[in-house]
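Data first, discussion second: the structure below is written as structure tokens.
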Amino acid sequence: MFSLYIDPGTGSMLFSLVIGLVATLTFGLRTLFIKLKFGFNKKEISESEEIIPYVIFSDHKRYWNVFRPICQEFENRSIDIVYYTLSEDDPALTCGMKHVKAEYLGEGNKPFAKLNFLKADFVISTTPGLDVYQWKRSKDVKCYVHVPHTVDDLSGYRMFGLDHYDVLLTSGSNQVNTVEKLEALRPTITKKEKVIVGSTPLDELKDKFDKGHKEKENGKKVVLVAPSWGKSGILSKYGDKFLSALEKTPFEVIVRPHPQSFSSEKDLLDSLIKNHPKIEWNRDNDNFSVLDKSDILITDFSGIIFEYALVFKKPIIYADTEFDTLPYDTDWLDEEYWSLRKLPQIGIKLEEKDFDGMENIINKALESEELSKGRKELEDECWDYVGESGKRIVDYLIEKRSAILGMKEKELCKQ
């Protein structure tokens, strides 16, 4: 009788190898399934389409703020671009730009039957998961370009979300640094060209702010509470105790629950609204007015944090945050998630033990020169070329296409 001993280091390596093989097999089988499923339509699709110079693919209408500046720049230059969307009511379909050829791709598998055999020079998208899920790389597309819809750290995407893009057009150096670390750790990742161009969605929001900002008529400070939904959200976690503490302050309080809360946490919200009639509960479709009106934001880990700090230039208070890194690319990195590291730079952490001193904490955040300085440092790291993103993106696409087509002509001359 003998026993086989495997030291912990070797065991960990073998375990990682097994996980990698399983993942590879899974994605391989999924790819085969997609090819078999859509293969019957391939000949019809490929023969019926000419090569399109520029294509935008949007998986939801909410990303129009990412693509509108790009489309407008193509329109200004009288250059045609095709815009494919999965939303039947996408604003692109009615934008009125004559050089933007927008098309709704339909539901189910139909869109991917078209996308997976597309003929195009460039496909621009903010959708992660290319060549991982249903959306596969087409052999007749020269270059896939990712434009982030956030200035946040891109390791917050689900694992392998950016692995198969060719180009990454980032908002700032923070996104470049993270992706380069992931590429060094995972040799299978496509080595991407990374170009800092700024942020189209933040440029859109800033433009809206510059045009629509209203100075408050009275001097009463407004506290906006914008929680996420679920068990880790502020309202679910602290509920009445938290809101009662806010009611004792001299500030005007507005609570804007996450839209999902009204269905998934209806009983909780109904109870809180009934128990706290002095608080204003906001359900506007557009959050701009309430963001503009407020003086400070209290949240847990809503995506609105960086928009609020960088565009509205106001302080935040953030609650204790639990973030499970396991499903995300940040789990590969031996460091704290970038966004969590940056929170103390632009806001003050709120714990349950601090509720009795809520007024003091809010005043401290409102008056803090250090937080104001932190917001400027954050902008320098994650939002370059403010107001120039649309122009810079189109400049890059045109120059890159000219270079690619020039290389192809040289290759043909050699034959």
Side-chain angles (χ1 to χ4, degrees), residues 51-59 63 65-71 73-74 77 79-84 115-116 118-133 135-203 329 382-385 388-408 411:
I51 296 176
I52 306 170
Y54 306 102
V55 174
I56 286 175
F57 167 55
S58 176
D59 65 62
Y63 298 123
N65 67 333
V66 177
F67 298 120
R68 198 207 68 80
I70 302 172
C71 290
E73 191 64 29
F74 273 105
R77 304 186 193 200
I79 300 174
D80 290 344
I81 184 169
V82 173
Y83 190 107
Y84 290 140
L115 291 169
N116 293 352
L118 188 64
K119 289 183 176 182
D121 291 330
F122 285 86
V123 174
I124 306 105
S125 183
T126 193
T127 305
L130 171 65
D131 224 32
V132 175
Y133 302 112
W135 183 28
K136 299 297 177 184
R137 287 180 63 106
S138 168
K139 67 178 182 64
D140 294 315
V141 170
K142 295 182 179 67
C143 192
Y144 284 91
V145 180
H146 183 80
V147 179
H149 55 267
T150 177
V151 298
D152 200 351
D153 186 355
L154 298 182
S155 69
Y157 284 156
R158 294 269 173 174
M159 279 194 189
F160 318 116
L162 295 179
D163 282 20
H164 303 292
Y165 275 93
D166 303 298
V167 175
L168 178 60
L169 300 182
T170 75
S171 64
S173 59
N174 64 314
Q175 295 180 339
V176 174
N177 295 339
T178 298
V179 173
E180 286 181 344
K181 290 175 184 176
L182 289 170
E183 288 178 345
L185 288 169
R186 296 209 303 263
T188 55
I189 295 179
T190 299
K191 293 295 186 291
K192 283 167 278 298
E193 181 180 356
K194 306 163 198 75
V195 183
I196 298 175
V197 294
S199 172
T200 51
L202 256 63
D203 282 353
D329 265 329
C382 69
W383 188 16
D384 284 10
Y385 306 119
E388 302 178 22
S389 57
K391 179 183 182 303
R392 286 181 173 273
I393 288 172
V394 176
D395 281 347
Y396 169 82
L397 292 172
I398 292 172
E399 291 171 10
K400 184 72 173 179
R401 182 168 181 263
S402 295
I404 290 175
L405 294 180
M407 289 173 62
K408 184 177 181 182
E411 290 174 2

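Because the structure is a prediction, the values reported are computed rather than measured.
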Rounded to the nearest 0.5 Å, the CD1 atom of Ile124 sits from the OH atom of Tyr165 at a distance of 10.5 Å

In terms of heavy-atom contacts, Ser138 and Leu115 come closest through CB-O, 4.0 Å

I want to check something: taking the side chain as every heavy atom from C-beta on, are Phe67 and Ile81 in contact at a cut-off of under 4.5 Å?
no

Note: Lys400 and Phe122 closest approach over all heavy atoms is CG-CZ, 3.4 Å

Per side-chain contact (heavy atoms from CB on, under 4.5 Å), Ile189 is matched among Asp163, Val179, Asp329 by Asp163

Rounding to 0.5 Å, atoms NZ (Lys142) and CG (Asp166) come to a distance of 12.5 Å

Smallest heavy-atom separation, Glu180 atom then Lys194 atom, equals CG-CE, 3.6 Å

Review point. With the threshold set at 4.0 Å, does a side-chain nitrogen-carboxylate oxygen contact exist between Asp203 and Arg68?
Key: no

request  = Give the ring-plane orientation class for Phe74 versus Tyr54, where under 30° counts as parallel, over 60° as perpendicular and anything between as tilted.
outcome  = tilted

Which word best sums up how the rings of Tyr63 and His149 line up, parallel for under 30°, tilted for 30 to 60°, or perpendicular for over 60°?
tilted

Closest heavy-atom pair, Thr170 versus Val176, reported as atoms and distance to 0.1 Å, is OG1-CG2, 3.6 Å

- Task: Using a cut-off of 6.0 Å, state whether more than 12 heavy atoms not belonging to Lys192 lie near its atom NZ.
- Result: yes

Taking every heavy atom of Glu73 against every heavy atom of Gly390, the minimum-distance pair comes out as CG-O, 3.8 Å

Looking only at heavy atoms, the pair that brings Asp140 and Leu118 closest together is CB-O, 3.4 Å

